[in-house]
Amino acid sequence: MNLILLGAPGSGKGTQSAFLAREFDIAHISTGDILRAAVAAETDLGKKAQEYMNKGELVPDEIIIEIVKERLRQEDAEGGFLLDGFPRTVKQAQALDRFLEESGKKIDAVIDIEVEDNEIITRLSGRRVCVDCKEVYHLIFEPSKNEEYCDLCGGKLIQREDDRIDTIKRRTEVYKKQTEPLIEYYRQKRFLRSVNGQQSAESVFKDILTVIKGDYA
Ligand code: AMP
């Protein structure tokens, strides 16, 4: 099973990707996580990527395409993969198509998680992440018991640099301009399915499974 999850920042892609990767036992490939790990490790890639990420801009296509290709060549992606946060531009989608064709693979489904703009802003501005175990909380929807520390490991909770209000606005604009055209790109290829992202995480997951299994029925 090879899947792509589309959706604006804050649509719940990360949560649903984790559920799906577990359900189908496939590799979860999150370009945002790969880049954040590179930033934390202060690698050359991390230093380059950080400038774009902090501004809410996309990392250049050439860089991200190479990262994803390399990741897809790893053994654990052989049995299936889920792309979370990639592709984000038509150029990335075309590069992915070429790569998959060369490797004799195909995408089984592209799922778009739909969430309204004002909901996105509420979700992202309240998001907090544990610096140690990366558990995600929300000030309103899923607060930790002690506002500042992680319930699981006691690590400090922080706001992602790119979850600050100005950057959220920029990320949303970038999404509309550069990533939304992908919805049409995949719709024309007929494997796009949309689900309503404004429900509980469990209900969104159920809907995603229904559309995937419906395709396979
Ligand atoms: P995410 O966690 O998926 O929202 O990604 C965080 C940030 O990483 C984005 O705002 C971009 O700066 C960068 N990024 C992640 N995936 C991509 C991609 N496919 N293309 C370009 N930049 C990306």
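Throughout, residue positions are numbered sequentially from 1 according to the sequence presented. Whatever order the structure lists ligands and atoms in, that order sets their numbers, starting from 1.
- Leu20 places a side-chain heavy atom less than 4.5 Å from the side chain of Leu209.
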Which donor-acceptor pairs under 3.5 Å do side chains of residues 26-47 form with protein atoms, sequence neighbours excluded?
unit_1, atom_1, unit_2, atom_2, d
His28, NE2, Asp84, OD2, 2.9
Ser30, OG, Asp33, N, 3.0
Thr31, OG1, Gly85, O, 3.0
Asp33, OD1, Arg36, NH2, 3.0
Thr43, OG1, Ala38, O, 3.4
Thr43, OG1, Gly46, N, 3.0

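- Among residue pairs with one or both ends in residues 102-141, those qualifying as ring pair (Phe, Tyr, Trp, His ring centres under 6.0 Å) are His138-Phe141; sequence neighbours excluded.
- Closer than 4.0 angstrom to ligand 1 lie heavy atoms from Thr31, Gly32, Leu35, Arg36, Met53, Glu57, Leu58, Val59, Ile64, Gly85, Phe86, Arg88, Gln92, Arg160, Asp162, Arg171.
- Residues forming a side-chain contact (heavy atoms from CB on, under 4.5 Å) with Asp207 (at least two apart in sequence, or on another chain): Val195, Gln199.
- Glu57 pairs with exactly one of Arg170, Gln178, Arg171 by the side chain to side chain donor-acceptor pair (under 3.5 Å) rule, that one being Arg170.
- Look at Arg123 and Glu119 and you find a salt bridge, because one of the NZ, NE, NH1 or NH2 atoms lies within 4.0 Å of a carboxylate O, short of that distance.
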